[in-house]
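Right, one structure below, let's go through it.
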Protein chains: 2
Amino acid sequence: MVTILDVARLAGVSKATVSRALNGKVFVREEVKARIMQAIEETGYKPNQLARNLANNKTNSVGLVITNGLYNGPFFSSMIYHAATNSEMHGRQLVLADGKHSAQEERDAIDLLLSLRCEAIMIYPKYLTVEELDEIIEQSETPIVVINRELVRHRSQCVFVDHQQSCAAMMAYLLAQGHTRIAFVAGSEGSPTGESRLAGYHNALRNAGIEPDPQLLVRGTWSTDSGYEAGRELLARDVPFTCVLAGNDDMAIGVAKACHEAGLRLPQDVSLAGFDDSVIGKYYNPSLTTIHVPMDEMIRHAVGIVLTPEDNASCSHQGELVRRESVRTLL
Amino acid sequence: MVTILDVARLAGVSKATVSRALNGKVFVREEVKARIMQAIEETGYKPNQLARNLANNKTNSVGLVITNGLYNGPFFSSMIYHAATNSEMHGRQLVLADGKHSAQEERDAIDLLLSLRCEAIMIYPKYLTVEELDEIIEQSETPIVVINRELVRHRSQCVFVDHQQSCAAMMAYLLAQGHTRIAFVAGSEGSPTGESRLAGYHNALRNAGIEPDPQLLVRGTWSTDSGYEAGRELLARDVPFTCVLAGNDDMAIGVAKACHEAGLRLPQDVSLAGFDDSVIGKYYNPSLTTIHVPMDEMIRHAVGIVLTPEDNASCSHQGELVRRESVRTLL
DNA sequence: CTGTTAGCGCCTTCAG
DNA sequence: CTGAAGGCGCTAACAG
């Protein structure tokens with residue numbers, strides 16, 4: 001492996017001078033610089049970032065913990081895209097760590113990033129509870145920001161969207177179209193996002209003077225497949241409904257398939273809506289009414305919190321209703 | 001920052017002993033070990049991976065260069081998923097680098113990974129040509145494997161699927177269903193994948209004794225939006241066709257939207273097919289006939305090449321026809 | 001402007 | 001089994 005010493009020798013200077021020529025803080029005579037560049041060229045020298053990071057005691061990197069499940073394709077990739085883009089805008093390299101399938105593995109992922117000496121860590125938790133996250137934040141020297149959880153004890157270390165009120169907005173719209181028998185496909189049991197949306201559904205119904213019918217509630221696990229199963233289950237119950245609201249767009253697409261198989265047309269026979277505004281929804285036929293979650297904004301905010309803590313905008317973000325073809329009016 | 005020295009002092013031993021206790025290659029008295037663990041607990045010590053990597057001169061990481069465009073969501077995330085999973089199975093952490101928007105930036109991404117001292121690098125190139133890749137491989141000390149390009153000079157450093165023959169298989173199927181006026185939505189100009197599929201289309205037509213009609217060829221840029229535009233363009237030309245084959249599933253979905261807007265029903269009025277077997281295709285209505293690209297297999301192979309070079313299975317993989325509802329038979 | 005001298009935190013001989 | 005000493009490749013004072 002060719003080191004800075006090899007370059008220094010070839011150029012007939014000291015290591016320090018090479019280092020300076022490379023990092024450009026201090027001036028180096030042009031002539032010497034040229035000789036050094038020449039030597040670098042000849043030797044094919046590539047600075048060892050590890051050594052550099054160790055010497056500087058900083059890594060120019062930020063970590064992101066996210067559970068890398070194949071099922072969450074669009075969501076996952078949009079998140080990584082925004083995280084990488086925003087990190088780079090701050091001159092930082094994004095390092096990913098997989099939270100896998102348990103709270104312990106999410107902790108391990110954080111530890112990995114910590115041991116890699118990332119300057120800051122962002123986590124989109126799946127298994128860790130807010131209490132556990134609170135604790136982790138308190139014990140950590142390096143800045144941590146939690147995405148998609150409201151941390152009341154650490155309001156400036158989290159960004160999230162208010163799912164309950166997004167759901168309320170969606171329900172208001174659905175009710176306004178004349179739907180009263182609205183089925184709901186909830187997300188995984190225990191998922192805060194899922195529970196908030198479910199709560200939003202129940203509240204909206206009650207506020208409209210409609211008692212929620214348990215027969216109209218089914219559970220999925222966020223995946224399209226689970227949405228399909230949920231749809232079949234719902235249909236099998238043979239209770240009347242005019243609209244299905246799914247906990248996310250993926251499940252909504254699954255429900256749509258179940259409806260088609262049953263010979264139901266969208267939106268003539270049944271209306272459908274979801275959450276997340278995933279790409280597919282825009283192009284699905286019929287295009288899917290949904291709630292847009294401002295991922296870009298949230299991630300930009302998260303990166304900002306962790307890299308330039310002086311900015312602290314409010315941690316709460318708003319979802320936005322996107323009306324498309326899949327919901328028809330009954331009026 | 002708490003270092004190994006702090007732990008050593010607290011436990012009343014030397015740094016070396018702590019290191020040994022942690023790495024477990026050499027035996028340390030149980031009693032001493034316990035004291036050390038206790039000290040680690042108390043101090044909250046986390047080994048500095050940077051220092052460790054520098055001392056060991058290895059990083060236990062493999063790099064992946066890929067252009068992180070938002071548009072290529074499903075493809076991108078499936079790739080990362082498999083790369084991360086397979087790397088971890090070999091005990092390596094996956095590090096991503098964005099190839100962005102030019103050959104130079106792809107080179108930079110490789111250099112970044114090299115300077116991070118990744119043990120091996122995988123690249124899914126977008127801008128670098130095979131000649132440039134050949135050169136990079138020859139000059140690099142660290143193993144590099146190229147995904148989705150056939151490198152004739154480096155057959156054991158690449159994995160790819162034979163797109164031309166996959167396309168031939170698709171065309172054979174389409175022709176067998178009685179379609180002869182088949183439109184083609186090509187991918188970006190200059191993309192090897194796109195050109196191979198296009199070549200497969202042309203050859204299949206000629207082999208069937210059909211002269212390709214330039215009016216039936218439109219260009220897209222892989223995105224759903226571009227597929228939509230391409231579909232509109234095609235419809236505007238007002239030439240007859242019974243089927244459209246798109247260069248990937250995303251564009252196929254875009255074409256479908258254009259068809260719906262024009263009042264055409266799928267597959268009754270026009271048949272549709274794509275490539276890549278993306279999740280959306282399975283759930284689209286009608287479900288999309290496509291070619292499955294064995295990403296899992298390819299990535300597993302790529303990781304294998306680079307981490308355990310003794311395995312060298314053939315670098316070529318086969319796509320597989322997935323027949324679904326979007327193509328109807330004319331017979 | 002440039003060379004010399006010390007580390008960064010950890011691992012690994014080499015003695016004991 | 002354990003301690004002392006040296007080094008991984010680079011940067012950062014401190015002199016010249």
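Order of the sequence lines fixes the chain letters, A, B, ..., with proteins taken first and strands second; residue numbering starts at 1 for each chain. Every value quoted in this text rests on a predicted model; they were computed, and no experiment measured them.
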Would you call [X]-[Y] a salt bridge at under 4.0 Å N-O?
X         : Y         : result
Arg92(A)  : Glu119(A) : yes
Asp111(A) : Arg107(A) : no
Glu131(B) : Arg153(B) : no

Please report, rounded to the nearest Å, how far the [atom2] atom of [N] is from the [atom1] atom of [X].
X        : N       : atom1 : atom2 : value
Arg9(A)  : dC10(D) : CZ    : C1'   : 15 Å
Asp6(A)  : dC8(D)  : CG    : C1'   : 14 Å
Ile40(A) : dG9(D)  : CD1   : P     : 16 Å

Treat primed atoms plus P, OP1 and OP2 as sugar-phosphate and everything else as base, then score nucleotides 7-16 of chain C 5' to 3': B for base contact with protein heavy atoms under 4.0 Å, S for sugar-phosphate contact only, - for none.
-> BBBBBBB---

Would you check, one step at a time, whether the test side-chain hydrogen bond (donor to acceptor under 3.5 Å, both in side chains) holds for His317(B) with Asp162(B)?
-> CA-CA 7 Å; His317(B) 293 248; Asp162(B) 186 336; over 6 Å; no

side-chain N/O Ser14(B) vs dA4(D) OP1/OP2, d < 4.0 Å |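 Result: no.
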
Return the minimal non-hydrogen interatomic distance between Thr59(A) and Leu116(A), and the atom names on each side.
->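 Where Thr59(A) meets Leu116(A) most closely, the heavy atoms are CG2-O, 3.6 Å.
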
Write out all pairs satisfying ring pair (Phe, Tyr, Trp, His ring centres under 6.0 Å) with one or both partners inside residues 117-144 of chain A, taking only residues at least two apart or from two chains.
-> Phe75(A)-Tyr124(A)

